[in-house]
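Keep in mind that this is a model prediction, so the values were computed, not measured. All residue numbers in this chain count up from 1 along the given sequence.
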Amino acid sequence: MSISSLEKIVTIIGSLGTFGAALIAWRTLAEIKKQRFAAQKPQILFKSFTSGSLDLNDFQKIISTNWKGNNDNFKNHILFEMINAGKDLAKDFKFEYKLNIDSFIALIEQHDKEKEISIQQDNNWLIFSSSTNRINKRISLKVNAGETDNLEYLLNRAIQEKPSGFSIPEEYLVLNSCLLYLSLKYEFTIYTDDVPKIYVKTTFEDISGKKDYIYQTIDTFYFRNGEFHFSLKKITEKRFYAA
């Protein structure tokens, strides 16, 4: 092999080495940039449990629909709190709910031995009435109505002073009130797996306008003293749309 051939081989090897080093450096910088972006973007975390309660003394006269929750300044304001663990703010939150209302009404009718409670759907209203005047209430439906609750922005947890989040729709709370009333009257136990779940889709944007989605369910746990615990669980997009 001639000296010129060896020189060409050495040159090629040197060029390949330089290219390889440049490629490694580029991939390293890209990974650093990716990690930096991930650290900066919003990271939304939810408190997995919240609770609400009803005054059982009210049930002697009426089916109580005035719930006590996280914020006593708001009637029936049972809030699932959330924080932004990222560095950038998150904005334009929209909370969409889905609930099999027919299934919940059927559950109430199943236990209503004297057919005391009547629940009717009229367009965007859920109407509760009773043959004994224990309940008379109209509620504007939020569930199954598309995007309902909104939140303009969520700062990171180092700046945000007050908790933010989304409220459990009032119609779900009143349905639980009716079920609680019947369970006390006829002395049966409410099992979590029997109570229909609410499905929640949370949509939000980062400061660049890129959208992100979180899909969850709300499970209901009932306690004899009139207290309900609500549990939030993450699910897949496929399961949300299949519900």
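Without hydrogens or angle criteria, N84 side chain to L154 main chain gives a donor-acceptor distance under 3.5 Å.
Separating the NZ atom in K197 from the OG atom in S103 is a distance of 10.5 Å, to the nearest 0.5 Å. Going from atom CG of L179 over to atom CD1 of I105 covers 12.5 Å, rounded to the nearest 0.5 Å. Atom CG of D92 is separated from atom NZ of K211 by 8.5 Å, given to the nearest 0.5 angstrom.
Between F228 and W67, the angle of the ring planes lies from 30° to 60°, which puts this pair in the tilted group. Ring-plane geometry between F166 and F95 is classed as tilted, the angle between the planes lying from 30 to 60 degrees on a 0 to 90 degree scale.
The list of salt bridge (Lys or Arg N to Asp or Glu O under 4.0 Å) pairs with a residue in residues 98-115, not counting sequence neighbours, reads E114-K185. The stretch residues 228-241 participates, sequence neighbours left out, in these salt bridge (Lys or Arg N to Asp or Glu O under 4.0 Å) pairs: D219-K233.
Other members of a hydrophobic cluster containing I62 are absent, since no ILVMFWY side chain comes under 4.5 Å of it, directly or through relayed contacts. Cluster partners of L45 are I83, counting Ile, Leu, Val, Met, Phe, Trp and Tyr whose side-chain heavy atoms approach within less than 4.5 Å, directly or via other members. Hydrophobic side-chain contacts under 4.5 Å tie F223 into a cluster, directly or through other members, with F221.
Every side chain to side chain donor-acceptor pair (under 3.5 Å) that Y181 has, sequence neighbours left out, goes to E116, R134.
A donor-acceptor contact closer than 3.5 angstrom is absent between the side chains of K201 and Y97.
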